[in-house]
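Everything below concerns the one structure shown next.
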2 protein chains.
Amino acid sequence: MVDQVSGLEPALRAELHELTASLCKALNDPKRLMLIYALAGQSRSVGELCTMLETTQPNVSQHLAMLKERGIVDATRRGTSIFYSLRYPQLVQAIDLLRGVMADEVGRRQDLVSRA
Amino acid sequence: MVDQVSGLEPALRAELHELTASLCKALNDPKRLMLIYALAGQSRSVGELCTMLETTQPNVSQHLAMLKERGIVDATRRGTSIFYSLRYPQLVQAIDLLRGVMADEVGRRQDLVSRA
DNA sequence: ACAGAGCATAAGTGATTGCGCATGTAGCCA
DNA sequence: TGGCTACATGCGCAATCACTTATGCTCTGT
């Protein structure tokens, strides 16, 4: 896929990077990542998510609204509650891959420290 | 890995999400994504990157500094130039995975539009 | 030592972000 | 209908962001 990207017109390539950056922007907040992992495998109501994240209800709703805008998450009403679910479960795998890179880097830094 | 995450103490889990979010923050800018893809497979000088990104030299330097802080990128001096390279080539694969999710979502939205 | 090339850094600015607080809205039950 | 629960939304604030302009630093060649 890298070769496909480098073969694109600069304008198209920039647009693609813009889209990808928009997705990454949804992932650049710890609480949103917690939300995504909380929704991995099962849908949950806003109240449940508030308890899990230990934060206020408006705060959770705002983050959920952003994830919904980007199509990352789906909302369904059941009674008075609204249940959210992940639209793309593969997203969790992608984040895990990023986390793997991060783990390597953390290990490298600890090596540097212990060697000092 | 999801199960490993969900088995962690809440505090540790939050810290891990903080680290991952820090990495995502490095990816949430189109120009930084372009930098990463420009460095995929070969190292490049700041001047080269300025030409490729069509932006000013301080701008590129600032983005590179941020990527370097997070250990995403390495810098080596050769003469008067400084060459940057990707420290974790797997990062590109991870971004490609994210891009795949994005492509699915774009297709879904186009379906919605054409159906209206 | 000096001039210039290549890059980093500092300061200032407008725009965006996450958050708390207050309020609005939709469904359930008496 | 009224009141309650569950959630969404609007507003204001402090913090952060990306960018431009100006300046500093580090090498190389003379």
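Lettering follows sequence order; numbering is per chain, from 1. Since this is a predicted model, take the numbers as computed values, not measurements.
Residue-level contact check: S81(A) touches the backbone only, with heavy atoms under 4.0 Å from sugar-phosphate atoms and none from bases. Contact annotation for R78(B): no contact, since no heavy-atom pair falls under 4.0 Å across all strands. Residue Y84(A) is in sugar-phosphate contact alone, with no base atom involved, counting any heavy-atom pair closer than 4.0 Å across all strands shown. Residue K25(A) is classed as a sugar-phosphate contact, given heavy-atom separations below 4.0 Å to backbone atoms only.
Between the side chain of Q62(B) and the base of dT20(D), at least one donor-acceptor pair of N or O atoms lies under 3.5 Å. Taking only distance into account, the side chain of Q57(A) meets the base of dA8(D) through a donor-acceptor pair shorter than 3.5 Å.
L35(B) and M66(B) sit in two unconnected hydrophobic clusters of ILVMFWY residues. Membership requires side-chain heavy atoms under 4.5 Å apart, directly or through other members.
Rounding to whole angstrom units, CD1 of residue I82(A) and P of dA26(C) are separated by 11 Å. If you measure from atom CD of E54(A) to atom C1' of dC19(C), you get 17 Å, rounded to the nearest angstrom. In this structure, H63(B) atom NE2 and dT16(D) atom P are separated by 18 Å, rounded to whole Å.
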Salt bridge (Lys or Arg N to Asp or Glu O under 4.0 Å) between R108(A) and D111(A): does it pass, once the steps are laid out? CA-CA 5 Å; R108(A) 192 186 65 88; D111(A) 283 354; over 6 Å; no

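Residues A75(B) and D29(A) each lie close to DNA chain C; by heavy-atom proximity, the contact nearer the 5' end of the strand is made by A75(B).
With distances taken from any side-chain atom of N59(A) to the nucleotides dC19(C), dC19(D), dC7(D), the minimum falls on dC19(C).
For R99(B) (side chain) and L19(A) (main-chain N/O), no donor-acceptor pair under 3.5 Å exists by modelled atom type.
At the phosphate of dA8(C), OP1 or OP2 sits under 4.0 Å from a side-chain N or O atom of S61(B).
We find the OG1-CG distance between T55(B) and L49(B) to be 11.5 Å, quoted to the nearest 0.5 Å.
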